[in-house]
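One-based numbering, in listed order, for ligands and for the atoms of each. The model shown is predicted, which means the values in this text are computed figures rather than measured ones.
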Amino acid sequence: MAGHPDGLRRIKIAPSLLSADFARIAQTIATLETAGADYLHLDVMDGRFVPNITWGPKIIADLRPLTRLPFDTHLMIVEPERYVGDFARAGADIITVHWEATVHAQRLLNQIKEMGIRAGLSLNPATPLCVLEDILSDVDVLLIMSVNPGFGGQKYIPGSTRKIAAARRLLDERGSGAELEVDGGVHLDNLREVVEAGAQTIVMGAGIFAGGEPALALERARAVCSR
Ligand code: DX5
Ligand code: ZN
């Protein structure tokens with residue numbers, strides 16, 4: 001990636017199962033693993049923090065034996081501190097909570113890490129990066145939302161690119177090793193822009209599944225990242 005100091009860093013693609021057909025999920029997960037997905041992104045929604053409901057720890061525990069891919073578990077739920085233990089036991093490798101959903105983010109991030117799990121913090125589009133000022137050193141994964149969370153297939157909010165670039169600068173300036181992940185509305189046509197802004201891990205839902213050929217979409221995404 002021209003002009004970026006970490007340009008040669010390998011980009012990770014995290015397909016979001018929110019857009020997959022759950023009646024055929026075992027086959028889909030096998031396809032994604034063979035095709036070289038880096039993580040499986042699992043969107044947990046409670047109908048309160050976001051206006052949609054998906055699945056809880058039982059489903060994630062059932063999926064766990066199907067794959068060795070890391071489970072990137074994105075909790076879009078209120079009071080996530082009540083449930084992180086359940087998601088850890090279900091087999092999550094990363095647990096990401098929303099800054100907006102918890103009062104004691106610093107305590108929660110450390111609670112997650114004490115369970116031996118990588119701790120992610122996500123910011124909604126309306127939440128500025130300055131909230132990270134005093135907790136950045138507690139964050140293993142910084143998840144920038146490029147849509148308002150709740151649904152797959154939404155349009156990428158254009159200002160997100162500037163925010164991703166600012167987050168990249170912040171992490172570099174602070175010497176943070178946190179992984180910068182971006183979630184929402186990323187497709188083949190804007191993937192390059194997101195990567196050039198400094199994102200390391202890209203969540204893709206509709207971008208992987210909408211065309212009905214997830215392996216092909218993943219291969220194309222990889223090609224865009226390594227161009
Ligand atoms: C949105 C979820 C996303 C979603 C992304 O609330 O957090 O992970 O599945 O889907 P696309 O890529 O379709 O925007
Ligand atoms: Zn997500």
Report yes or no: does Ser146 contribute a side-chain atom to a donor-acceptor pair with the main-chain N or O of Asp183 at less than 3.5 Å? yes
Atom 3 (C) of ligand 1: closest protein heavy atom, distance to 0.1 Å, is Asp183 OD1, 2.9 Å
Taking every heavy atom of Pro149 against every heavy atom of Met145, the minimum-distance pair comes out as CB-CE, 3.9 Å
Which of the numbered atoms in ligand 1 are under 4.0 angstrom from any heavy atom belonging to Ala206? 11 (P), 12 (O), 13 (O)
Among Arg168, Lys12, Glu179, exactly one meets side chain to side chain donor-acceptor pair (under 3.5 Å) together with Gln200. Which residue is that? Arg168
Can you find a heavy atom in the side chain of Val186 that is under 4.5 Å from one in the side chain of Val203? no
Hey, is Asp38 close enough to Arg222 for a salt bridge, meaning N to O under 4.0 Å? yes
Considering only heavy atoms, which of Gly152, Pro15, Ala20 lies nearest to atom 10 (O) of ligand 1? Gly152
Per-atom contacts, ligand 1 versus Gly184 - under 4.0 Å to a heavy atom: 14 (O)
Counting both backbone and side chain atoms, is some N or O of Leu18 under 3.5 Å from an N or O of ligand 1? no
So, regarding His41 and ligand 1 (criterion: nitrogen or oxygen to nitrogen or oxygen, under 3.5 Å), is there a contact or not? yes
At a 4.0 Å threshold, what atoms of ligand 1 neighbour a non-hydrogen atom of His74? 7 (O)
At less than 4.0 angstrom from any non-hydrogen atom of Val203, what atoms of ligand 1 do you find? 8 (O)
With side-chain contact (heavy atoms from CB on, under 4.5 Å) as the test, would you mind laying out the steps for Phe71 and Leu63 before giving the verdict? CA-CA 10 Å; Phe71 281 1; Leu63 298 180; 3.9 Å; yes
Between Arg169 and Asp172, does any NZ, NE, NH1 or NH2 come within less than 4.0 Å of an OD or OE carboxylate oxygen? no
Side chain or backbone, does Val147 bring an N or O within less than 3.5 Å of an N or O on ligand 1? no
Can you check whether Asn124's main-chain N or O pairs, donor with acceptor, with Glu100's side chain at less than 3.5 Å? yes
Give the total of protein N/O/S atoms at a distance below 2.8 Å from the Zn ion (ligand 2). 4
Got a salt bridge between Asp93 and Arg64, using NZ or NE/NH1/NH2 to carboxylate O under 4.0 Å? yes
Looking at Ala215, is its backbone amide N or carbonyl O close enough to the side chain of Thr31 to form a donor-acceptor pair, meaning the two atoms are under 3.5 Å apart? no
Backbone N or O of His187 within a donor-acceptor pair of the Asn190 side chain at under 3.5 Å? yes
Identity and distance of the protein heavy atom lying nearest atom 9 (O) of ligand 1: Ser16 OG, 2.7 Å
Of all protein heavy atoms, the one nearest atom 1 (C) of ligand 1 is Phe151 O, 3.5 Å
I'd like to know if Gly207 contacts ligand 1, where contact means a heavy-atom distance under 4.0 Å to any ligand atom. no
Geometric class of the Phe49/His98 ring pair [parallel <30°, tilted 30-60°, perpendicular >60°]: tilted
Polar side-chain atom of Asp46 near backbone of Arg48 as donor-acceptor pair, under 3.5 Å: yes
Please say whether Gly153 places an N or O atom under 3.5 Å from an N or O atom belonging to ligand 1. yes
Purely on distance, is any nitrogen or oxygen of Asp43 under 3.5 Å from one on ligand 1? yes
Short list, please: which atoms of ligand 1 are under 4.0 Å from a heavy atom of Met76? 6 (O), 7 (O)
Give the residue, atom name and distance (to 0.1 Å) of the protein heavy atom nearest atom 14 (O) of ligand 1. Gly185 N, 2.8 Å
Heteroatom proximity flag, Gly205 to ligand 1, N/O under 3.5 Å: yes
Testing the 3.5 Å rule here: is there a donor-acceptor pair between the side chains of Thr54 and Asp43? no
Atoms in ligand 1 with a heavy atom of Pro149 nearer than 4.0 Å: 6 (O)
Could you tell me, atom by atom, which parts of ligand 1 come under 4.0 Å of a heavy atom of Met45? 6 (O)
Just need the protein heavy atom nearest to atom 6 (O) of ligand 1, so name the residue and atom and give the distance. Gly150 N, 2.7 Å
Heavy-atom closest contact (Ile135 atom, Trp99 atom, distance): CD1-CD1, 4.0 Å
Side-chain (Lys163) to main-chain (Pro128) donor-acceptor, under 3.5 angstrom: no
